[in-house]
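Since the structure is predicted, the reported quantities are computational estimates derived from the model, not experimental observations.
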Amino acid sequence: ISGGNFDGNTAVITKNSQNFIPENTRRGFHVCVFDAGTNDFKWYFLFDIQASASIGTSFKNFLDTLIGNYLVMIAIANDVSSDGSLFTTALKTSIKQYGSKLIDSVKVADSWAIIGRKGASAGSIPEHFLKRFNGKPVEIDTTIIIPNTAGTFETETIGPVSRWNNIELRYNQPINS
């Protein structure tokens, strides 16, 4: 959830009902990083780029150096662009590396959230944006599936069988499961 200053003034990033943002109403980009292979939470950061140019530079450097093995979830609370000179084109370009196609639209007190991954093509990831004074925050509600790479299959007893050379298993997987 991302709510700009006039549309909820909050940021919430949850997994299984656990919020990973300690102070939801603090101004800036709230960033949660999850391992893309296991979906385990790794880190939380707050980048209040309106406080100083060096924070925007730190955010850009963080995005540029993070490897692609992570899901990066970002939500804005309050405002990130009152002083447009601190929300630089270079920072927006770094955010675009994570699949954003809407970051250029973000202006004063707007709401914006993304679930990105470094190297994702623009628009291929969940992202949502609303202009200020919309009356509600933006929300991304999604399920992230991590396929099993190993496992077991157990059946009721089949027999009598003295010897099998092979077995063929077939299954139907429902769409979007």
Side-chain angles (χ1 to χ4, degrees), residues 1-4 10-24 26-81 83-131 137-150 176-177:
I1 296 174
S2 166
T10 192
V12 178
I13 297 175
T14 62
K15 174 185 157 194
N16 298 330
S17 300
Q18 179 184 353
N19 183 13
F20 292 95
I21 298 178
E23 296 181 61
N24 305 37
R26 290 191 60 198
R27 179 182 68 184
F29 288 97
H30 293 264
V31 181
C32 291
V33 180
F34 293 82
D35 184 292
T38 63
N39 206 22
D40 291 336
F41 174 76
K42 293 296 181 184
W43 308 289
Y44 163 77
F45 301 96
L46 172 61
F47 294 98
D48 180 2
I49 65 169
Q50 294 303 300
S52 76
S54 65
I55 294 174
T57 301
S58 294
F59 187 20
K60 179 192 178 319
N61 291 341
F62 167 76
L63 293 170
D64 290 347
T65 57
L66 191 66
I67 59 175
N69 297 342
Y70 297 102
L71 292 175
V72 177
M73 302 181 187
I74 306 171
I76 292 173
N78 191 292
D79 184 27
V80 295
S81 65
D83 180 345
S85 66
L86 295 175
F87 191 18
T88 65
T89 300
L91 175 55
K92 291 177 184 181
T93 299
S94 293
I95 292 171
K96 289 176 187 177
Q97 295 180 83
Y98 291 80
S100 176
K101 71 174 186 178
L102 302 174
I103 194 63
D104 287 327
S105 301
V106 175
K107 306 292 185 228
V108 177
D110 289 342
S111 302
W112 173 82
I114 188 172
I115 300 174
R117 187 168 182 176
K118 194 167 192 177
S121 57
S124 66
I125 46 76
E127 180 181 30
H128 200 101
F129 161 78
L130 284 174
K131 296 188 79 46
V138 299
E139 184 173 337
I140 297 173
D141 186 4
T142 192
T143 301
I144 298 171
I145 299 170
I146 300 172
N148 291 328
T149 57
N176 296 325
S177 69

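- Minimum interatomic distance between Ile140 and Ala113 (heavy atoms only, all atoms of both residues): CD1-O, 3.5 Å.
- The side-chain heavy atoms of Asn24 and His30, taken from C-beta on, include no pair separated by under 4.5 Å.
- Atoms CE and OG1, from Met73 and Thr142 in turn, are 8.5 Å apart once rounded to the nearest 0.5 Å.
- Contact detail for Gly3 and Pro137: the closest heavy-atom pair is CA-CB, 3.7 Å.
- When all heavy atoms are compared, the tightest approach of Ala75 to Ser2 is CB-CB, 4.1 Å.
- Using a 4.5 Å cut-off on side-chain heavy atoms (C-beta onward), Ile125 and Ile115 make no contact.
- Remark: side-chain polar atoms of Gln18 are not paired, donor with acceptor, to backbone N or O of Lys15 under 3.5 angstrom.
- Expressed to the nearest 0.5 Å, how far CD1 of Ile1 lies from CD1 of Ile76 amounts to 14.5 Å.
- In this structure, the side chains of Phe41 and Ile13 stay at 4.5 Å or more apart for every pair of heavy atoms.
- The ring-ring contact (aromatic ring centres under 6.0 Å, His included) analysis of residues 51-75, with sequence neighbours excluded, yields the pairs Phe29-Phe59, Trp43-Tyr70, Phe45-Phe62, Phe47-Phe59, Phe47-Phe62.
- Of the options Leu91, Ile55, Thr93, Thr88, a side-chain contact (heavy atoms from CB on, under 4.5 Å) to Lys60 is made by Leu91 and by none of the others.
- Formation of a donor-acceptor pair under 3.5 Å by the Gln97 side chain with backbone atoms of Gly119 is not found in this model.
- Between the CZ atom of Phe34 and the CG atom of Leu71 there is a distance of 8.5 Å, given to the nearest 0.5 Å.
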*asked:* Using the rule given for side-chain contact (heavy atoms from CB on, under 4.5 Å), can you reason through Ile74 versus Val31, listing the C-alpha separation, both sets of side-chain angles and the distance that settles it, and then say yes or no?
replied: CA-CA 5 Å; Ile74 306 171; Val31 181; 4.1 Å; yes
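- Evaluation of the salt bridge (Lys or Arg N to Asp or Glu O under 4.0 Å) test over residues 103-127, restricted to residues two or more places apart or in two chains, returns Lys96-Asp104.
- Screening residues 98-130 for ring-ring contact (aromatic ring centres under 6.0 Å, His included) gives no qualifying pairs among residues at least two apart or on separate chains.
- The two residues Ile114 and Ser100 make their nearest non-hydrogen contact at CD1-CB, 3.7 Å.
- Residues Val106 and Ser81 come closest through the heavy atom pair O-OG, 4.3 Å.
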